[in-house]
Amino acid sequence: MTEATIGYGTQIRVGVGVGPTWTTIAELGDVEWPMAEADEHEATSMDSPNRTKEYIQGMIDNGEVTIPLNWVPGGATDTVLKAILASGELVQVEFTDNSVGATPETYVGFCKRYSRTSPVNGVKKAEAGFRINGTV
């Protein structure tokens with residue numbers, strides 16, 4: 001029998017400042033967690049076995065995340081995202097799975113973009129893009 005579950009109830013919070021002030025991202029859409037990917041460096045030498053290339057792992061890049069949400073103009077989420085985009089400061093971005101007793105994963109990064117749409121016949125949407133530097 002499967003142990004799969006749905007993601008409903010997953011949360012993202014943004015922490016600003018020292019001893020951060022946390023804002024939960026309201027009206028959160030589908031969540032994609034940061035994807036860590038290691039650089040690779042060729043380390044081939046004249047001694048490489050069987051004329052095969054050899055590689056070593058380099059630095060790990062946590063990439064970018066895009067956080068989709070329903071846009072509530074002037075709401076707490078809208079206000080904090082506009083402010084941290086304008087400030088350029090590093091903030092904490094915390095992802096918490098909906099599983100009982102889940103341990104949050106907290107990253108440091110900056111808000112790279114914040115876009116908002118207001119369709120004629122549809123829900124107002126927004127996306128916040130964060131460049132992730134690493135884990136806290």
Side-chain angles (χ1 to χ4, degrees):
M1 180 176 236
T2 185
E3 294 183 30
T5 60
I6 63 173
Y8 177 81
T10 297
Q11 290 187 338
I12 296 178
R13 298 189 316 161
V14 177
V16 178
V18 178
T21 300
W22 292 97
T23 301
T24 299
I25 301 295
E27 303 280 336
L28 182 62
D30 294 341
V31 174
E32 288 191 27
W33 298 60
M35 182 182 80
E37 183 175 10
D39 290 335
E40 61 180 50
H41 300 283
E42 187 177 343
T44 306
S45 71
M46 295 294 186
D47 298 321
S48 295
N50 302 316
R51 290 184 328 131
T52 57
K53 290 184 177 183
E54 294 182 275
Y55 296 88
I56 59 171
Q57 182 178 359
M59 302 294 288
I60 295 174
D61 183 346
N62 285 297
E64 296 183 21
V65 294
T66 298
I67 300 171
L69 57 136
N70 294 330
W71 177 37
V72 179
T77 298
D78 181 50
T79 301
V80 77
L81 290 174
K82 287 190 288 190
I84 61 176
L85 176 64
S87 74
E89 70 183 293
L90 291 175
V91 296
Q92 295 184 37
V93 184
E94 179 189 80
F95 293 75
T96 305
D97 181 60
N98 65 345
S99 303
V100 174
T103 302
E105 290 182 18
T106 307
Y107 298 85
V108 173
F110 63 89
C111 187
K112 188 173 176 176
R113 64 188 171 282
Y114 180 48
S115 65
R116 296 158 288 169
T117 61
S118 195
V120 170
N121 185 26
V123 175
K124 293 178 181 179
K125 297 284 186 179
E127 284 188 348
F130 284 85
R131 180 63 165 107
I132 303 297
N133 287 343
T135 57
V136 174

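The first residue in the sequence is number 1, and the count goes up from there.
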Supply the atom-to-atom distance [X] [atom1] to [Y] [atom2], rounded to the nearest 0.5 angstrom.
X     : Y      : atom1 : atom2 : result
Leu69 : Asp30  : CG    : CG    : 12.0 Å
Glu32 : Glu64  : CD    : CD    : 12.5 Å
Leu85 : Phe130 : CG    : CZ    : 9.0 Å
Arg51 : Thr44  : CZ    : OG1   : 12.0 Å
Ile67 : Ile12  : CD1   : CD1   : 4.0 Å
Thr21 : Arg13  : OG1   : CZ    : 10.5 Å

Is any side-chain heavy atom of [X] less than 4.5 Å from a side-chain heavy atom of [Y]?
X     : Y      : result
Trp71 : Lys125 : no
Thr77 : Val72  : no
Val65 : Tyr107 : no
Phe95 : Pro34  : yes
Trp22 : Val80  : no

Between the side chain of [X] and the main-chain N/O of [Y], is any donor-acceptor distance below 3.5 Å?
X      : Y      : value
Arg131 : Gly63  : yes
Asn98  : Tyr8   : yes
Thr117 : Pro119 : no
Asp97  : Glu105 : no

Any link between [X] and [Y] through a network of hydrophobic side chains (Ile, Leu, Val, Met, Phe, Trp, Tyr) touching at under 4.5 Å?
X      : Y      : value
Leu28  : Val16  : yes
Ile84  : Leu90  : no
Tyr114 : Phe110 : no

For the residue pair [X] and [Y], what are the closest heavy atoms and their distance?
X     : Y      : value
Pro20 : Gln92  : CG-NE2, 3.8 Å
Ala38 : Gly58  : CB-O, 4.4 Å
Ala76 : Thr23  : O-CG2, 4.2 Å
Pro68 : Glu127 : CA-CG, 4.2 Å

Would you call Lys53-Glu40 a salt bridge at under 4.0 Å N-O?
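So Lys53 does not pair with Glu40 through a salt bridge.
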
For the residue pair Lys124 / Asn70, report whether a side-chain donor-acceptor contact shorter than 3.5 Å exists.
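Short answer, no.
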
Is a side-chain donor-acceptor pair under 3.5 Å present for Arg113 with Thr66?
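There is such a pair between these side chains.
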
What do you reckon, is CD of Glu54 surrounded by more than 12 foreign heavy atoms closer than 6.0 Å?
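Buried by this count: over 12 neighbours within 6.0 Å.
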
Other residues, nucleotides, ligands: >12 heavy atoms within 6.0 Å of Glu37 CD:
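For Glu37, atom CD is not crowded (no more than 12 foreign heavy atoms under 6.0 Å).
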
Could you go step by step and tell me if Trp33 and Thr10 meet the side chain to side chain contact (heavy atoms under 4.5 Å, CB included) rule?
CA-CA 11 Å; Trp33 298 60; Thr10 297; 4.2 Å; yes

